[in-house]
There are 2 protein chains.
Amino acid sequence: MNTAAATQAGDLPASEDHNNCRALGQILDRIGDKWTIMVVGVLSRGPLRFNQMMREIGGVSHRMLTLTLRSLERDGLVSRTAYATIPPKVEYALTDAGRSLIEPLRVLSDWAIDNRPVIEKARADFDNR
Amino acid sequence: MNTAAATQAGDLPASEDHNNCRALGQILDRIGDKWTIMVVGVLSRGPLRFNQMMREIGGVSHRMLTLTLRSLERDGLVSRTAYATIPPKVEYALTDAGRSLIEPLRVLSDWAIDNRPVIEKARADFDNR
DNA sequence: CAGTATCCAGTCGGATACTG
DNA sequence: CAGTATCCGACTGGATACTG
């Protein structure tokens, strides 16, 4: 879309907000899927090999872990190091950019933990109607 | 799931992290969809009526806006006030809980803005291979 | 104006089988 | 062990038409 044109001159506060939303929306599209944050989560404790991750995360299919890692690698958030041994060994780790994502996620996670009871209460109330 | 049992006693650091991830995952399931943060975004500037929102957000279908708002209302993040006038008028606004979500989202949004160039560079590099 | 119901194409993601 | 390819059911979300 024509972000450039929109941010050119007039730039009302509203449109600035709107751009924030777009940026937010884009990264939520990336990290908001089913497995990405799980991967970032387990990698935040240190590098892992493919099958280790699969076990640690639990419930993720072979395919989806591959796709998720590929996507994170493409975005420069995760690095992939292959050792040409037999059997092959591949290690995944967070890059600096990947690590920088941990704090924002922790903030959100804290919010989630703080507000879970409130939300669950609201949900129960809503459903009893 | 047996979160209670898991957090009972041993509570290795790892399992704590894992619970954080679960909580995070749950709220990302809620806010990570296509429209939720857009709604929170526009409502952060003040209450709005249904069709106003639709215009402000742009690109959202009637149906999806309804569903998104319903979901946010159910979770107690958005309030819905209907005026029995003709034609009907319904105002949506963030609740206190809804407003408390703005800051965490802003943190993430800041990260997105800071890292967009890095990610786009990484993506371009990756695709040129 | 606000909301609901139906339809349907597109996407997502798990299961499975196969390769280096 | 790590990764790819194919298949296919399930879900998502837009378009449309209708109601109060």
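Values reported hereafter were calculated over all heavy atoms of this structure, with side chains retained and with hydrogens, waters and symmetry mates removed.
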Between [options], which nucleotide gets closest to the side-chain atoms of [X]?
X: A/N51; options: C/dC1, D/dG14, D/dC1; answer: D/dC1
X: B/H62; options: D/dA2, C/dT4, D/dG14; answer: C/dT4
X: B/K34; options: C/dC1, C/dG3, D/dG14; answer: D/dG14

If I take atom [atom1] in residue [X] and atom [atom2] in nucleotide [N], what distance separates them, rounded to the nearest angstrom?
X: A/M64; N: D/dA2; atom1: CE; atom2: P; result: 18 Å
X: A/R70; N: D/dA2; atom1: CZ; atom2: P; result: 12 Å
X: A/M54; N: D/dG3; atom1: CE; atom2: C1'; result: 12 Å

Ignoring backbone atoms, test whether [X] places a side-chain nitrogen or oxygen under 4.0 Å from the OP1 or OP2 oxygen of [N].
X: B/W35; N: D/dT12; result: no
X: B/R80; N: C/dA2; result: no
X: B/R49; N: C/dC1; result: no
X: A/R63; N: C/dT16; result: no
X: B/Y92; N: C/dG3; result: yes

Contact class for B/Y83 (heavy atom, under 4.0 Å): base, sugar-phosphate, or nothing?
-> nothing
Would you sketch DNA chain D in dot-bracket for me? Only Watson-Crick or G-U wobble pairs with both distances under 3.5 Å count, crossing pairs as [ ], other-strand pairs as |, the rest as dots.
-> ||||||||||||||||||||
